[in-house]
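Let me begin by presenting the structure, written as structure tokens, before commenting on it.
What you see below is based on every heavy atom in this structure, not just the backbone, and it leaves out hydrogens, waters and symmetry mates. Small disclaimer: the values here were computed from a predicted structure and weren't measured. We count residues from 1, following the sequence as given.
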Amino acid sequence: DLSELKADVKKLHSLLLRYSPRHKWLQVSNLPKEVYQHLACYVPKIYCLGPNLNPQNEDLLAPLLLQSPLEWYLCGEEPSVGLAKLEQNNQPSQLCGHVFKVGEPTYSCRYNCAADPTCVLCMQCFLGSVHKEHRYRMTTSGGGGFCDCGDTEAWKKGPYCQKHEPNISDSSQKDPLANLSDEMIARTYNVFSIILKYAVDMLTWEKEDELPEGLEPPARGDTYYCMLFNDEVHTYEQVIYTLQKAVNCTQKEAVSFATTVDRDGRKSVRFGDFQFCEQAKSVIVRNTSRQTKPLRVQVMHSSVVAHQCFALKALTWLGQIIRYSDALRRILCQVGLQRGPEGENSSLVDTLMLCDSKMWKGARNVYHQLFMSSLLMDTKYKKLFAIQFAKNYERLQNDYVKDDHDREFSVTDLSVQMFTVPSLARMLITEENLMTTIIRTFMDHLRHRDLQGHFQFERYTAQQAFKFRRVQSLIGDLKYVLISRPTEWTDQLREKYLESFDAFLELLKCMQGMDPVVRQVGQHIEMEPEWEAAFTLQMKLTHIISMMQEWCANVCSQYAFFLVNDSQIQKEPSGHVQSCAGASMMDPNHFLMIMLSRFELYHIFSSADCRKRCSRENANKDVVQQNNTLIEEMLHLVIMIVGERYTAGVGQVECSDEIRREIVHQLCIRSMAHSELVKALPENENKETGMERVIDSVASFKKPGVTGRGLYKLRPECAKMFNLYFHHYSRADQSKAEEAQRKIKRQNGEDSAPGEAPANTPSILALLETLQNAPHLEVHKDMIRWILKTVANIKTMRECTASAPPSDSSGHSQEETVRDKDKAERKRKAEMARLRREKIMAQMSEMQRHFINENKELFQQSLEELDPSTSSTLEHSPSSCDCTLVCVGPRRWRAGGSERRQVVTCILCQEEQEIRTDGKAMVLAAFVQRSTVMSKNRKRPPHNPDKYDPLFMHPDLSFGTHTGSCGHIMHSHCWQRYFEAVQAKEQRRQQRLRVHTSYNVENGEFLCPLCECLSNTVIPLLPLTKIMFVCVCCSSEQPDLSQWLNITSLQMKALLSAHRKAKAADADGVDDMDGVNDCPPPDGFKLDYTPKNPYSSTIKEMLTTFGTASYKVGLKVHPNEQDPRVPIMCWGSCAYTIQSIERLLVDEEKPLFGSLPCRQDDCLSSLTRFGSACWTVSSHATVQNHFIRLLAALVPDPRVENTPCILDIDMFHLLVSLVLSHPAVFSLDSSGLSADTAQLHFLHLVTVAHIVQILLTSVAEEVRMEQESGGAEREEEEKVCMFYNTLRMHLGSGLREVNSGWHLWRCVKAGILPYLRAAAMFFHYLNGAPAPPELHSLQLHVSHLSNDLLILVASRCPKSEGDKSRAPTLCLVCGAMLCSQSYCCQTELEGEDVGACTAHTFACGAGVGIFLRVRESQVLFLAGKTKGCFYAPPYLDDYGETDQGLRRGNPLHLCQERYRKIQKLWRQHSITEEIGHAQEANQTLVGIDWQHL
């Protein structure tokens, strides 16, 4: 069918070119009929031809067969030419109108430039606007809004960016339609009318097996789709399980279906005849209707589905066409809003809005975006659309409440685009009575009332609670309308507002006394009353009440009202003003009576008899305590009302003074971070506190370090503003602030004093003096005079007390005498304690001398061993012999007796043990892990573990094995008992709890008994290698490199011949080896000699244990002690660990020696010595064979096969493997050759090979200019040139000719340095030679991460055709952007479905990963499938704080120090250890399904 269709397409295309639609459709009398016939013919041939949709073919054929004829008719010529003319003649709109996608970054200005907090800019407009230099807020869009750039009503300042700045010369706004001809307007009107009506009809079509008139296909087949629709009730797991049963698909297919349904709103899950699809529908309905309403499923004819698919494409096409010209946009708006013959609500726009809740998610998104790019981008039609929206507001909200889709997918979400425009909001209030409509619609949904008409939420069912959460969106719409207060009031606006105000008072009346919670006595309450709904409603309306008050204050002063409620005083700034105003305007006695009545204390103060009854000893203690508490609360409130005067309207203060005082009193409690301070301060309706304007005048900011947060600390001079009865203090805050201020004043030697009144406000005494002669206070004149007289008497007494120095001096002298006595007593006690300590120390010293005298022989032996060690202390002095600093070769530094002797203590049994080859084994707890930290090629696929030969490491170090240790030492038998106990404990644990630990015993994991560091094996501690010769041999006694190579070559030939002979003997079972060349061994080389293993049985066991662990973890295979790759993995782990630590020291700019922690130093020492001994527990022939192959990579041997290219070998791994495998060959040699000589020759050979590598790979780029170097390096440059020319001579024309040695010498120095540093560390730990102090690191390399976090936010899902990514996650190792925690990007790993991050860790980090969850502003550590933890992100705001979830919206920038800390954890291979510590500290992390992230 597809091939026939393509042939049909070609024929039709040629036909279209020959017979243009201009000639056909321009001449017909009934254009809608012709277009419908065309669509009826070709839409079913393009869309929905089989079970799987084919977007590629649809995108290819639909523009050609369906859209192209429409564009031909619209333009009257070739569409590309006609549309280009339209775009050229168009005057671009000053409105940006960029529609935000979910997760896209948005920016809003916090400098009071916006008319309301909903005004936002896209990133491009923001970067080109003046607001970039202001304080701004960054957030991620929830989708559905658009950029407000260019909208003058949305901005008080800076409405335009550079791109949308209006042209001053063309200030006159012409009608866009004037640029089009009448014929063009008519054709456009016809096309838009037909296509928009077709799309609306199809998207709102409810019949499943029929099509609208005129769209019936010529040939109708029996093909149907079982279409599954999305809802927000059923979970992913329920849908996946149901689909597997209903359509018999795999879990992967079911996951794909569920993901598409969730994203697009619907998905076909079965294709076939009607009966086949109906069967699937019945199974889905039956399986999902047991507990909730069933999933919505429809069996739809394929032609209906095809036309609905094209209807969506048609709406998208309309949105694209109108971008070419504003005139086309206007025509589309006219078509959409034109009333039909039915009258009210008959326009196409009305039809779409009223059927919104019946459509699926994908259809809603498409037509919402068309509305935003058309109706909301034109001022005239935005007003008309707003009127229609307001007319249908109640019905739209009812549909939304009954629906279960999120608000972002509802047409009601467009309210913010209209209600926040001041001119539109006034017009809608005046003409459509919008505020009253919103309030009454809200009240209609809250129908549960008690007998008094109050709201009742107590018996809410789950469905009613869900409905209440959706109803709260109406409060948001009311807030949008109230955001901007009118500056000019018309009579009609005032009338409509007062009507809505009456409705709002009705709402408050229903809230007063709602859901009262009455104290229950005598019986336990099993179910706590429902309180959340009422509490939420009160909180949601808090700002609405304040905004309504401000409108009242604007409309006329007599409508100002007061809500006297003491609970509001604690939360709202306006509550205190109202209380003060009420108290000042009322009669004082009346006010006090109201207070007593409010606290139910009137009966206590009404008579003396009542006070006596309450104070009797036999009175009920609970009643007395309750009354005392109530009295204290009342007095506290009275003090606040009378004493707190730093409020606009009470004291003569400005708004900034109020904010400053708020900040002072919060910082009086403790120093606070910026986020804590913002949370503690009262906010306005725009979520702003105004703190930034005044904070610097009252507080100083202390920046954070690598951890912690920045803190604001109160300036000392502002402490005098402290008032204990501050009206925003809770009781806890009051107590903390009082204690903190007393402590500070005690430290400063100050007296506690009450806070001061505002400087510009008259004191209470001054006010009383002015009021004592006021005629309206004649009744209180005696009281006022008594108060003034009493205050004057107190003032006189204080002055007399202050002017009496004799009594004060005598008092001071008495106090000083007491202090002197105390001081003398403390001094006497200290002296007695000192004498007691001296006596004890003398006794201990005598006991030590006595013990030494009894054990003279033992101590004499120890002193003799310690004597030579004093020479090692001279290694840093200039007089020290140079040979002591040589770590490799015959003249290397050799350890004396004390250096070789090492005594350690077991952390489990606390017994001391000397480390000896024939003694008990001592082990280090260690953790072996696969690593890609050093990888230079993360795209290299992992090796097949069964067939992989790891003998030669590739230079890209794509995979390695790292060994780390916490440094804690145990006896091997102590560790074995401990590990067996851990295993037994895990076996006793219940099966359901076994996985809930930070370690997996089945993988050999355990926690270090001392530090609880994650470990999975142990490294045996071994002494330094023994001295091969008693005296230091001169270099002349040992062969030079060429001689040594000849000797070694003969040894290798003999050894290789012997191995082949033995192999052939094993294969044939006979000793006749005539076919094998027999090479005689050189003198002193004993092929039949079997060296004696010097190690004890326990050490050999531990050697095998650690070797097997390295093999098992490094290759991800089952343990096998006999595998020939075991020693190779041990050598590789040693080399890789040294390389990674060397790179870590370079990055941290630390010296090569002396800066490592003890744990790493002990680990490297043990690991290197283990590497030199592991051959003793392996097959000697196997290790010897490895050595032959390794040496053949440097000295080619034709008898050795599969030798890699020199460019494919990491030379440091080769050096380590050669040195550590050589003892297996050297043990057969008794000719007097030194092992140290062999090590030196290995170093020389491998170093030269590495230089060859560098030269072969360092001349790809041209040397642009001749570089001059000093005479010190001229000789080296010439030698490098000579060496390079020698290579060219052997390699021919493969190398470019180089005239200058400067570039080559620079490359050699840079390339050889890491290798030499690693080699120095290796031989230092292998031979125990001390290091010279001159070895320091030279450079620092830090990976780059985006400085602005929001640049990373707008990430697309890689598997959903460019759709949004709900949880964009950045890999901090390789920089890949992933779609985490989403079914769409799940992959199968080892037979299990895992999330994108988990799968990426195995491809990028060998099972370990570091990720930045961008929208959560959170770092994620993962190790394997079951372990993970969250970590503080490296992004901080200007106040040194992270913003998890981007809730505060402050701009976040990269903190290099914190990023380097994360990098250090990665380079130290400490991610798994960090996860273990985090999971041990927080058990909730263990239960998270990390594999789904």
Name of the residue among T259, V261, N230, L228 meeting side-chain contact (heavy atoms from CB on, under 4.5 Å) with K267: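 Looking at T259, V261, N230, L228, the match for K267 under the side-chain contact (heavy atoms from CB on, under 4.5 Å) is V261.
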Ring geometry between F192 and W317 (parallel below 30°, tilted from 30 to 60°, perpendicular above 60°):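 Perpendicular, since the angle between the ring planes exceeds 60°.
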Aromatic plane relationship, F389 with F419 - under 30° parallel, 30 to 60° tilted, over 60° perpendicular: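 Perpendicular, since the angle between the ring planes exceeds 60°.
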Do the side chains of [Y] and [X] get nearer than 4.5 Å, heavy atoms only?
X     : Y    : answer
S268  : M227 : yes
V255  : Y236 : no
T106  : L121 : no
I475  : L478 : no
F371  : V349 : yes
I438  : F442 : no
L1452 : M138 : yes
L493  : R426 : yes

I'd like to know if the side chain of [X] reaches the main chain of [Y], judged simply by a donor and an acceptor atom lying under 3.5 Å from each other, with no hydrogens or angles considered.
X     : Y     : answer
D116  : I483  : no
D264  : G362  : no
H234  : P294  : no
W155  : D148  : yes
E153  : S423  : yes
T204  : C355  : no
S1417 : R1413 : no
K361  : D262  : yes
N398  : E394  : yes
T420  : Q417  : no

Compute whether any side-chain donor of one residue and acceptor of the other, for [X] and [Y], lie under 3.5 angstrom apart.
X    : Y    : value
Y47  : Q308 : no
Y400 : D413 : no
T536 : Q472 : no

R364 to F409 six-membered ring, cation-pi geometry met (6.0 Å, 45°):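 Verdict for F409: no cation-pi partner in R364.
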Step-by-step salt bridge (charged side-chain N to carboxylate O under 4.0 Å, His left out) determination, R407 to D477: CA-CA 12 Å; R407 184 172 168 84; D477 286 347; 3.2 Å; yes
Pair L295-F229, side-chain contact (heavy atoms from CB on, under 4.5 Å): steps then yes or no: CA-CA 7 Å; L295 282 167; F229 289 82; over 6 Å; no
So, taking the atom named [atom1] in [X] and the one named [atom2] in [Y], what distance separates them when rounded to the nearest 0.5 Å?
X    : Y    : atom1 : atom2 : result
L332 : S373 : CG    : OG    : 8.0 Å
T235 : E237 : OG1   : CD    : 5.0 Å
S410 : R470 : OG    : CZ    : 7.5 Å

Sidechain N-carboxylate O distance under 4.0 Å for [X], [Y]:
X     : Y    : answer
K402  : D399 : no
R330  : D378 : yes
D1443 : R137 : no

Intermediate values then yes/no, side-chain contact (heavy atoms from CB on, under 4.5 Å), M123 and L127: CA-CA 6 Å; M123 183 182 290; L127 295 176; 4.0 Å; yes
Neighbour count >12 (heavy atoms, 6.0 Å) for atom OH, Y198: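 More than 12 within 6.0 Å, yes.
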Heavy-atom pair of closest approach, residues T351 and S346: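 Minimum heavy-atom separation between T351 and S346: OG1-O, 4.3 Å.
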Smallest separation among heavy atoms of T436 and K496, with atom names: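 Nearest pair, atom of T436 first, then K496: OG1-O, 4.2 Å.
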is_close_aromatic(F126, Y107), centroid dist under 6.0 Å: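 Judged by ring-centre distance (under 6.0 Å), F126 and Y107 do meet the cut-off.
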Output field: ring centroids W205/H307 closer than 6.0 Å: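 No.
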Working for side-chain contact (heavy atoms from CB on, under 4.5 Å), residues L482 and M435: CA-CA 9 Å; L482 291 168; M435 287 180 63; 3.5 Å; yes
Stepwise side-chain contact (heavy atoms from CB on, under 4.5 Å) check, L354 with N392: CA-CA 8 Å; L354 296 176; N392 295 302; 4.0 Å; yes
